Structure formats: C-alpha cells, structure tokens
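For reference, the structure discussed in these notes is given below.
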Amino acid sequence: MWSANSFQRKVIEYYRQHGRKHLPWHGTKDPYRIWLSEIMLQQTQVARVIPYYEAFLERFPTIVDLAEASSDEVMHLWSGLGYYSRARNLHKAAKIVAKDFAGTFPQDPEEIEALPGIGRSTAGAIAAFSFDKPTAILDGNVKRVLARCYGIEGWAGKSAVLKSLWAKAEKNTPSQNTAQYNQAMMDLGAVVCTRSKPKCEQCPLAKECYALKQDMISELPGKKPKKTRPKRSVYWLVCIDNNQVLLHKRPPSGIWGGLWCFPELDQTAPIPEHYEQLSSFVHKFSHYDLEVQPLLVKKLSKTGIMEPNETDRFALNLFDKKKQAKTTAIGLPTPVSNLLASLS
DNA sequence: AAACCGTGGTA
DNA sequence: TTACCAAGGTT
C-alpha cells in the first residue's frame, strides 16, 4: 500500500491529464456558484443539473438576488429536480448570509457547515474550491473510490463505516492543492470508478486497488439494505372553473413541501358527489409508491375543498390552465405538472 | 440509527 | 419490467 502522498500524486496527475474541467461550475471561485452546484449535485447527476444550474443563475445572479426572491419563485426554478428541501434550505441560507454576513459568504468551514442544507462534505467542498481551505470531502464518488481502493466494507449508512471512510478521506487529503485533489477524486469516482463496470484500465490506482485485486468490485462499496416499498393511494381533486385550476400550497415540511398540488384526499375520505374519473397512475418515490386517482370534480357541494379552512392549509390559488406553469412562478411537482399538461 | 426526502436513466 | 441508484442532509 502506498503512502498518502503517493496516492495524492497519482490522483492529481490523472486529473491533470484526463479530468473534466469545463463543467459550468468549473473555472470560478465564487462561493455562491460553487455552493449552488454542490447542492444541486446532491444525489443528482451532472447532466440533469446543468440546465437547472444555468436557469437558476440567470434568474438569481447573486446570493442577494436569491435572498430577496419569493419562495414560490425559488421553488419554481427547482421544479422537477427533486429533493425540494435543498431549495428551501438554499433560500433560507441565502437570507442568513444576506442578513448576518452582509451578503458575503463565510470562509470558515464551521460557519459554512452551520448554514442550513450544508453538511460536512458540502462544507468541505465549498471551503476548498472557493477559499483554498485544506478541507476534506466525502461524497458518493469519494466513498466509492476509497471503499474499493482500501477494502472498506459495509454500507456507509452505518456510522462505523462512515467514520472509517472519513478517517481515510482526512488522511489522504493534502494540505496543499486541496481543491485540485478534491476535484480529482470526484472526477475519478464519477468517470472511472463508476458503480457498475468501472474503467479500471484507466484508473491511476488500479495497481494497488483492493477491490480489483480481490475481485470484489461488485461488493464494494457495501449496499444499502433493501426493503419493500409501501403503497399509498390518494384522490387528487381536479377543480376547474372559468378556465382556472384549483391548487393548494403544501405545508413547508414533508413530501413536496412548499410546492403547489391538487387538493389531495386519502381514499378513505368522503369524496364529492359529482365527478368524472380521469386516468389513474402510480408515482414512484424512492421510499414509497403513490397511487393517484384524479377526479374531475363537476360540483363542489359538501366537500368544503373550495373553502380555505381555519388553519389556511387549503389556500386558494387559481391560475390560467392555458398558460400552464410557464408563466406562473410557483413550484410544481412533476406529476402535478404532467397532469396539468394533460388537461389543456 | 434509521427513516425521510424526487426524479429519470440504466441494466 | 422491476430494481437500483446519482456530487447528502435533516430529523
């Protein structure tokens, strides 16, 4: 096994020769742009992020622009990207930076990590890429490279495994050229040391890789234990009146928090008396299946749905179905957007 | 510790 | 087709 120093040199040399250097967030040290890219890239692939990243920056060029925006418009620009708490936390953090840091992004890794939505790895990435701090990262790419290279077994969701991976990440991270090293590790994991069919013949670490030597590539890194996904069944009420569609804003926490949705009823609840069934469908989340039966409601007697209730959970929002969401800056979950499109 | 939180591509 | 999962963080 080589020294940390040798490991670093091989990884950085690989990056200098073969790494990706022209993604939209490369070539900048603007912490706002680095931060935005890191958040969007959480559990999301590069190709999918790029158009969202560019549209977001076009609308909010600076962190103060973002801080001053409405939550509906922020969610609108995140619609379809998923994991919407990222957008809510991003907006929240922008307001904190604008107010508590006079609009200047903090450089101290601990202050960065204290912002909502930024964990240890994302804080390390921002601090290294923007401010040349010697901070380590441990995203999915780095986890995969380290687990295979050093034979670190077990699922990273287990705290002991995660601790072991962090220890190796810290040990291997150089105090100089940290940004380049971190970028190189991400790139190596994303392009060469992929989950399936890694390109070991292109890997600068292949000579000493534990997983390759032991023929354990498919076993490392350890997989998350699988469990059966439950199914939930709901009605969505499609209430159209005067060319407008009734939507309500979901509460800030929970699934699709802060996004606008058709009024939703559990299938045990009483439903309107006059309706027409539209085509049902199943929306698959990572942790459960949602079976949706849309009901085109003809008459709203005895449902109470059209009345904003005491707690204001059913705020009324009528918008022009012909204009769709394109001219209406609100957040819409993908299946809501799809159903709206099918109505016009 | 383990559940929660989206979506679309891939095999 | 189903199952897995991609630059994680919060509770």
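Given the structure is predicted, the values throughout are model-derived calculations rather than measurements. Proteins get letters first, then strands, A, B, ... in listed order; numbering begins at 1 in each. Hydrogens, waters and symmetry mates are skipped; everything else that's a heavy atom, side chains included, is used.
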Within the structure provided, determine whether Pro335(A) and Val292(A) are in side-chain contact (heavy-atom separation under 4.5 Å).
no
Is any side-chain N or O of Thr44(A) closer than 4.0 Å to OP1 or OP2 of dA6(C)?
no
Under 4.0 Å between a side-chain N/O of Tyr84(A) and OP1 or OP2 of dT7(B), yes or no?
yes
So what does Ile118(A) hit on the nucleic acid, given a heavy-atom distance under 4.0 Å: a base, only sugar-phosphate, or nothing?
sugar-phosphate
Scan Trp25(A) against the nucleic acid and name what it touches under 4.0 Å (heavy atoms): base, sugar-phosphate only, or nothing.
base
Over all strands shown, is Lys227(A) touching base, sugar-phosphate only, or nothing at heavy-atom distances under 4.0 angstrom?
sugar-phosphate
For Lys158(A) and Lys224(A), find the nucleotide of DNA chain B closest to each by heavy atoms; which residue's nucleotide sits nearer the 5' end?
Lys158(A)
If I take atom CH2 in residue Trp78(A) and atom P in nucleotide dC5(B), what distance separates them, rounded to the nearest angstrom?
18 Å
In whole angstrom, give me the gap between the P atoms of dG9(B) and dG9(C).
25 Å
May I ask you to evaluate whether Trp256(A) reaches the phosphate of dT7(B), defined as a side-chain N or O under 4.0 Å from OP1 or OP2?
yes
So, do Phe101(A) and Phe105(A) have ring centers that fall under 6.0 Å from each other?
no
Please work out if Gly80(A) contacts a base, only the sugar-phosphate, or nothing of the nucleic acid, heavy-atom cut-off 4.0 Å.
sugar-phosphate
Would you indicate what Ser37(A) reaches in the nucleic acid, counting non-hydrogen atoms under 4.0 angstrom: base, sugar-phosphate, or nothing?
nothing
Relative to the 5' end of DNA chain B, which residue comes earlier, Gly157(A) or Thr334(A), by the nucleotide with the nearest heavy atom?
Gly157(A)
Rounded off to whole Å, could you give me the NZ-to-C1' distance for the Lys226(A) and dT2(C) pair?
11 Å
Using atom NZ of Lys92(A) as one end and atom C1' of dT10(C) as the other, report the distance to the nearest whole Å.
10 Å
With heavy atoms under 4.0 Å as the rule, sort Thr122(A) into base, sugar-phosphate or nothing.
sugar-phosphate
Taking CG from Asn89(A) and P from dC4(B), how many angstroms apart are they, rounded to a whole number?
19 Å
Of the options dT7(B), dG6(B), dA7(C), whose atoms approach the side-chain atoms of Pro333(A) most closely?
dT7(B)
When you compare dA3(B) with dC4(C), how far apart are their P atoms, in angstrom units rounded to a whole number?
15 Å
Taking only the P atom of each, what is the distance from dG6(B) to dT1(C) in whole angstrom?
25 Å
Kindly check if the number of other-residue, nucleotide or ligand heavy atoms within 6.0 Å of NZ (Lys29(A)) is above 12?
yes
Atom CG of Leu81(A) and atom C1' of dA7(C): how far apart are they, to the nearest Å?
12 Å
What nucleic acid atoms does Val49(A) come within less than 4.0 Å of, heavy atoms only: base, sugar-phosphate, or nothing?
nothing
Atom-to-atom span, CD of Gln42(A) to P of dC5(C) - whole angstrom
19 Å
Would you classify Gly254(A) as touching base, sugar-phosphate or nothing, given that sugar-phosphate means primed atoms plus P, OP1 and OP2, and contacts are heavy atoms under 4.0 Å?
sugar-phosphate
Whole-Å P distance, dC4(B) and dA7(C):
24 Å
Less than 3.5 Å between a donor and an acceptor, one on the side chain of Ser286(A) and one on the base of dG6(B), is that the case here?
yes
Looking at Phe285(A) versus Trp256(A), is the centre-to-centre ring distance below 6.0 Å?
yes
Would you say dA2(B) has OP1 or OP2 under 4.0 Å from some side-chain N or O of His287(A)?
no
Nearest-Å distance for atom pair CD/P, residues Gln45(A) and dG8(B)
12 Å
Arg250(A) atom CZ is separated from dG6(B) atom C1', nearest whole Å, by 13 Å
Between Gln42(A) and Glu38(A), do the side chains contain a donor N or O and an acceptor N or O under 3.5 Å apart?
no
Does CG in Asp215(A) sit with more than 12 non-hydrogen atoms of other residues, nucleotides or ligands closer than 6.0 Å?
no
Leu41(A) has a side chain; which of dA7(C), dC5(C), dC5(B) sits nearest to it?
dA7(C)
Phosphate OP1/OP2 of dT2(C): any Lys284(A) side-chain N/O under 4.0 Å:
no
So, is Arg144(A) close to the dA7(C) phosphate, meaning a side-chain N or O under 4.0 Å from OP1 or OP2?
yes
Do Tyr53(A) and Trp25(A) have their ring centres less than 6.0 Å from each other?
yes
Any Arg195(A) side-chain N or O less than 4.0 Å from OP1/OP2 of dA6(C)
yes
Pick base, sugar-phosphate or nothing for Leu23(A), based on heavy-atom distances below 4.0 Å to the nucleic acid.
base
